[in-house]
Amino acid sequence: MTEHPIHDNPVRAFDTSKRPLIVLVGPTAIGKSRVAIEVAKRLGTEVLTADSTQVYRGMDIGTDKPSLQERREVAHRLIDLVNPDEPFNVGEYRRHAVAEIDRLHQEHRIPLVVGGTGLYVRAVLRGLWPGPPVDWTLRRQLEQEAQERGLAALYQELGKVDLQTARRVHPNDLVKVLRALEIFRQTGLPASHVHKQHGFQERPFTALLLGLTMDRNALYRRIEERVHVEIEKGLVEETRRLLSQGYARSLTSMKSLGYRQMAGFLEGEYDFDEAVRRLKRDTRHFAKRQMTWFRKEPQIEWITVLPDESLSSIMTRTMGQVSQFLNQIQTGAIETKSCSSLTAK
RNA sequence: GCCGAGGUAGCUCAGUUGGCAGAGCACAGCCCUGAAAAGGCUGGUGUCGACAGUUCGAUUCUGUCCCUCGGCA
């Protein structure tokens with residue numbers, strides 16, 4: 001492959017005054033990236049990844065980052081933003097994403113957000129309550145308290161300051177109990193109150209939401225194949241390298257799919273076959289959770305992909321939706337449509 | 001052929017001093033506002049190998065048979 005400039009895509013100028021945005025979601029291993037690359041080429045735009053693990057540098061195989069070849073064809077953003085031990089969260093993601101979207105709009109291009117991290121996509125489409133992010137000093141303190149007094153005691157405390165959240169969050173859900181208490185200690189306000197005020201009501205963009213879906217069993221078969229491919233590409237070596245670089249298994253990044261299971265094998269907790277078994281299982285469970293999340297997300301145009309469907313066939317249907325959206329943008333028809341549907345609850 | 005162990009949920013197995021059975025995994029449904037590939041919740045009727053006997057009642061006890069695994073011939 002000879003060197004090529006990054007943007008050898010045809011340049012197409014769009015009216016971006018309505019802040020148009022195309023979002024492609026779907027469960028892991030369904031084939032989002034290759035569809036995204038095709039769409040991006042045709043629109044002369046870039047891919048903005050909405051993936052909570054691809055933001056980590058050095059975690060390439062397990063997160064299924066696009067290859068260098070693919071990145072030469074189409075620029076991918078929001079990848080490799082931090083090291084695996086640096087804190088990262090939805091808020092950070094949203095800031096980066098909005099900056100990239102703004103930039104593309106200024107270039108009269110339509111950004112293409114692609115990913116499987118539901119919360120990240122939601123934060124882009126509907127905003128995030130403006131309160132303070134995790135205060136890790138306070139969080140560690142709360143974790144310590146949970147150790148000493150028991151989670152039940154903290155849950156009780158939450159019940160006293162924020163009954164609504166306590167009712168909504170299960171007493172066993174450490175992460176959410178601590179976050180709710182943290183919000184109260186930081187702001188003096190109950191999480192339920194500030195969240196209700198925000199209510200994901202922001203609508204910064206005019207978006208087309210596309211969702212890829214597939215027969216469950218067929219998807220599970222693809223997941224198995226994906227796991228084997230990752231192993232062949234060197235997932236074990238990649239994990240070994242990350243561990244030897246000092247990235248602890250307790251890091252959220254290292255607890256993500258692939259690394260968690262391979263680290264267990266490398267540290268002798270179980271054999272290789274068991275690690276592979278677990279990785280397949282956990283990935284299936286993850287795909288299922290993603291489907292649960294996206295299913296209730298409003299306004300998704302679902303594209304059901306057949307088990308062995310060709311890319312061009314998928315593209316025909318995808319581009320059908322995209323062209324319709326572009327027409328609406330250009331003619332202004334979107335204005336009435338999106339306003340009515342976006343404000344409807 | 002003989003001896004031993006065993007046949008219970010899709011899988012691995014537990015259990016019932018006789019009152020129509022339960023864990024893990026699988027699988028399914030769900031929750032989520034700065035850890036989100038994280039974290040959490042919920043869901044178990046299955047000829048208890050087959051047939052016969054004892055019993056008010058058998059998956060449990062008895063007998064016969066079938067099957068699986070191991071050992072010995």
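Numbers restart at 1 for each chain; the letters A, B, ... are given by sequence-line order, proteins then strands.
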Taking ring-ring contact (aromatic ring centres under 6.0 Å, His included) as the test, write out the residues that go with A:Y220, two or more places apart.
none
Considering residues at least two apart in sequence or located in another chain, which fulfil the ring-ring contact (aromatic ring centres under 6.0 Å, His included) criterion with A:F272?
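For A:F272, the residues satisfying ring-ring contact (aromatic ring centres under 6.0 Å, His included) (neighbours in sequence not counted) are A:F265.
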For nucleotides B:U59 and B:U16, find the distance between their C1' atoms and express it as a whole number of Å.
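To the nearest whole Å, 8 Å.
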Closest to side chain of A:R284, choosing from B:G39, B:C27, B:G34:
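The answer is B:C27, which lies nearest to the side chain.
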Within 45° cone and under 6.0 Å: A:R122 NZ/CZ vs A:F200 ring:
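Cation-pi check for A:R122 and A:F200: passes.
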In terms of side-chain geometry, is the basic nitrogen of A:E224 or A:R221 positioned less than 4.0 Å from the acidic oxygen of its partner?
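Between A:R221 and A:E224 there is no salt bridge, as every charged N stays at least 4.0 Å from the carboxylate O atoms.
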Are A:L119 and A:V82 linked, directly or through other ILVMFWY residues, by side chains that come within less than 4.5 angstrom of each other?
yes
State which residues pass salt bridge (Lys or Arg N to Asp or Glu O under 4.0 Å) with A:E267; sequence neighbours excluded, sorted by chain then number.
A:R249
Determine which bases of RNA chain B form Watson-Crick or G-U wobble pairs with both distances under 3.5 Å, and write the result as a 5' to 3' dot-bracket string with | for other-strand partners.
(((((((..((((.....[..)))).(((((.......))))).....(((((..]....)))))))))))).
Any residue in residues 240-261 of chain A with a heavy atom nearer than 4.0 angstrom to RNA chain B? Just list them by number, or reply none.
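Of all residues in residues 240-261 of chain A, the ones placing a heavy atom under 4.0 Å from RNA chain B are A:T252, A:K255, A:S256, A:L257, A:R260.
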Stacking between B:C41 and A:H170, yes or no? Criterion: centroid separation under 5.5 angstrom, plane angle under 30 degrees.
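No.
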Which atoms of nucleotides 29-31 of chain B (N or O only) lie under 3.5 Å from a protein N or O atom, and what are those distances?
residue : atom : partner : partner atom : Å
B:G29   : OP2  : A:R216  : NH1          : 3.1
B:G29   : OP2  : A:R216  : NH2          : 3.2
B:G29   : N7   : A:K288  : NZ           : 2.5
B:C30   : OP2  : A:R295  : NH1          : 2.1

